[in-house]
Amino acid sequence: MAITNLVAQERHIQTQQLIWTRYSLGININDHYTLRQDLEERTYWFPWRQHQFVSRTLLERKLGKGWNGGIGISSFLQSLPNDPEIQIVETKSELRPMLAFGHWSPITKKIGLHHRYWSEFRFFEQANGSFNYANNRTRYKLELRYAASPKMNLKAFDEILLNMGGKVVQNVFDQNRYGASIQYMPFDKLGFEVGYINWFQQQNSGVDFYNRHIIRLTIHQNLNLKSHKK
């Protein structure tokens with residue numbers, strides 16, 4: 001019986017390769033508020049097929065002493081099943097209202113730590129077009145940043161995501177993400193970022209996992225409404 005249980009609990013890990021292309025816009029409204037909008041296309045790479053399309057809107061406010069807080073919403077369009085070898089059978093939408101807090105801790109003039117706390121409330125689309133609440137997911141991200149030059153930043157991060165709610169049984173630990181990137185801003189308001197993310201995710205079964213290797217390409221744009229008002 002012990003051997004049977006051990007075999008039943010063996011982990012099964014499915015490895016996938018993806019590429020994410022993102023447009024990230026930051027609009028500085030005034031000295032306190034910033035509006036952020038991200039659009040991201042997530043696709044499998046080998047073979048190529050859509051995985052997700054993500055839109056995220058966040059209004060941030062500076063709170064002082066390196067802290068900021070925000071409120072926003074994300075929408076996801078997911079192509080199923082989660083297997084690039086199989087053609088898309090269905091697409092499912094998800095809405096995530098969210099609360100966010102961040103803190104910047106300088107270590108030296110060039111090195112600092114950024115802490116990010118997100119709390120997401122997940123609503124999944126139903127067959128009749130309505131959205132039902134599923135669970136809360138809490139995320140903590142620790143990122144080390146090094147300013148190699150006035151226009152170039154090097155980043156390395158680790159993020160843990162936890163599921164919370166009465167319906168969550170096997171996968172309280174949802175996933176872990178770690179990675180690194182290089183951000184280059186040749187212009188004051190426009191720049192680029194390329195990075196690698198490892199996305200290790202536990203499925204509902206508790207013993208099945210995704211290990212995703214991701215290349216992420218980002219275009220960053222910043223607008224300053226305060227200067228226009230002046």
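Members clustered with Trp67: Leu63, Phe101, Ile107, Ile111, Leu113, Tyr117, Tyr140, Leu142, Leu144, Tyr146, Met152, Leu154, Ile182, Tyr184, by chain and number, using a 4.5 Å side-chain heavy-atom cutoff among hydrophobic residues. With a 4.5 Å cut-off between side-chain heavy atoms of Ile, Leu, Val, Met, Phe, Trp and Tyr, the cluster of Trp104 takes in none. Summarising the hydrophobic clusters (Ile, Leu, Val, Met, Phe, Trp, Tyr; side-chain heavy atoms under 4.5 Å, direct or chained), the residues clustered with Leu161 are none.
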Would Ser74 and Arg96 satisfy side chain to side chain donor-acceptor pair (under 3.5 Å), going step by step from the backbone distance to the final call?
CA-CA 5 Å; Ser74 301; Arg96 297 183 192 171; over 6 Å; no
Please assess Lys92 against Glu90 for the test salt bridge (Lys or Arg N to Asp or Glu O under 4.0 Å), listing each intermediate value before the final yes or no.
CA-CA 7 Å; Lys92 181 178 289 187; Glu90 64 173 329; 5.3 Å; no
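Taking each heavy atom of Val89 and Pro81 in turn, the nearest pair found is CG2-CD, 3.8 Å. Shown here for Arg122 and Asn163, the closest heavy-atom pair between the two residues is NH1-OD1, 4.1 Å. Across Ser79 and Thr91, no two heavy atoms sit closer than the pair OG-CG2, 4.0 Å. The minimum heavy-atom distance between Ser119 and Asn136, with the atom names listed, is OG-ND2, 2.9 Å. Between Ile197 and Phe157, the closest heavy-atom pair is CG1-CZ, 4.0 Å. Counting all heavy atoms, side chain and backbone alike, Pro186 lies closest to Lys151 at O-NZ, 3.3 Å.
Listed by chain and residue number, Arg36 satisfy the salt bridge (charged side-chain N to carboxylate O under 4.0 Å, His left out) test with Glu60 (two or more places apart in sequence, or in another chain). In this structure Glu85 satisfies the side chain to side chain contact (heavy atoms under 4.5 Å, CB included) test together with Pro47, Asp83, sequence neighbours excluded. The side-chain hydrogen bond (donor to acceptor under 3.5 Å, both in side chains) search around Ser205 returns Asp208, not counting sequence neighbours. Every side-chain hydrogen bond (donor to acceptor under 3.5 Å, both in side chains) that Gln37 has, sequence neighbours left out, goes to Ser55, Thr57. Not counting sequence neighbours, the partners of Asn82 by the side chain to side chain contact (heavy atoms under 4.5 Å, CB included) test are Tyr44, His51, Gln78, Leu80, Tyr210, Arg212. When the side-chain hydrogen bond (donor to acceptor under 3.5 Å, both in side chains) test is applied to Ser130, the partners found at least two apart in sequence or on another chain are Asn128. For Phe200, the ring pair (Phe, Tyr, Trp, His ring centres under 6.0 Å) partners are Phe209, not counting sequence neighbours. Partners of Phe76 under the ring pair (Phe, Tyr, Trp, His ring centres under 6.0 Å) rule, at least two apart in sequence or in another chain, do not exist in this structure. With sequence neighbours excluded, the residues that form a side-chain hydrogen bond (donor to acceptor under 3.5 Å, both in side chains) with Gln221 are Tyr23.
A salt bridge between Arg216 and Glu193 is absent, with no side-chain N of the basic residue lying under 4.0 Å from a carboxylate O of the acidic one. Salt bridge status for Arg137 with Asp174: present, with a side-chain N to carboxylate O gap under 4.0 Å. Salt bridge annotation for Glu143-Lys141: present, with a cationic side-chain nitrogen under 4.0 angstrom from a carboxylate oxygen.
Looking at Leu99 and Ile71, their side chains come closer than 4.5 Å, going by heavy atoms from C-beta outward. The closest side-chain heavy-atom distance from Arg116 to Arg139 is below 4.5 Å. Between Trp199 and His213, the closest side-chain pair of non-hydrogen atoms is not below 4.5 Å. Side-chain contact between His12 and Val207: absent, with no pair of heavy atoms (C-beta onward) separated by less than 4.5 Å. Between Ser75 and Phe53, every side-chain heavy-atom pair lies at or beyond the 4.5 Å cut-off.
Between His103 and His115, the ring planes lie tilted relative to each other; the angle falls in the 30° to 60° range.
Taken from CG in Leu190 to CD1 in Ile219, the straight-line distance is 7.5 Å, to the nearest 0.5 Å. Distance CG/Leu223 to CG/Leu25: 5.0 Å, rounded to 0.5 Å.
Judged purely by distance below 3.5 Å, without hydrogens or angles, the side chains of Asp158 and Asn176 pair a donor atom with an acceptor atom. Looking at Trp20 and Glu41, their side chains never bring a donor and an acceptor atom within 3.5 Å of each other. When only modelled atom types and interatomic distance are considered, Asn211 and Asn198 share a side-chain donor-acceptor pair under 3.5 Å. Thr218 and Arg22 form a side-chain donor-acceptor contact under 3.5 Å, judged by distance and modelled atom types alone.
Side-chain atoms of Asn135 do not come within 3.5 Å of backbone N or O of Gly165 as any donor-acceptor pair. At distances below 3.5 Å, not a single donor-acceptor pair connects side-chain atoms of Asn28 with backbone N or O atoms of Asn30.
Asp188 CG: 12 or fewer foreign heavy atoms inside a 6.0 Å radius.
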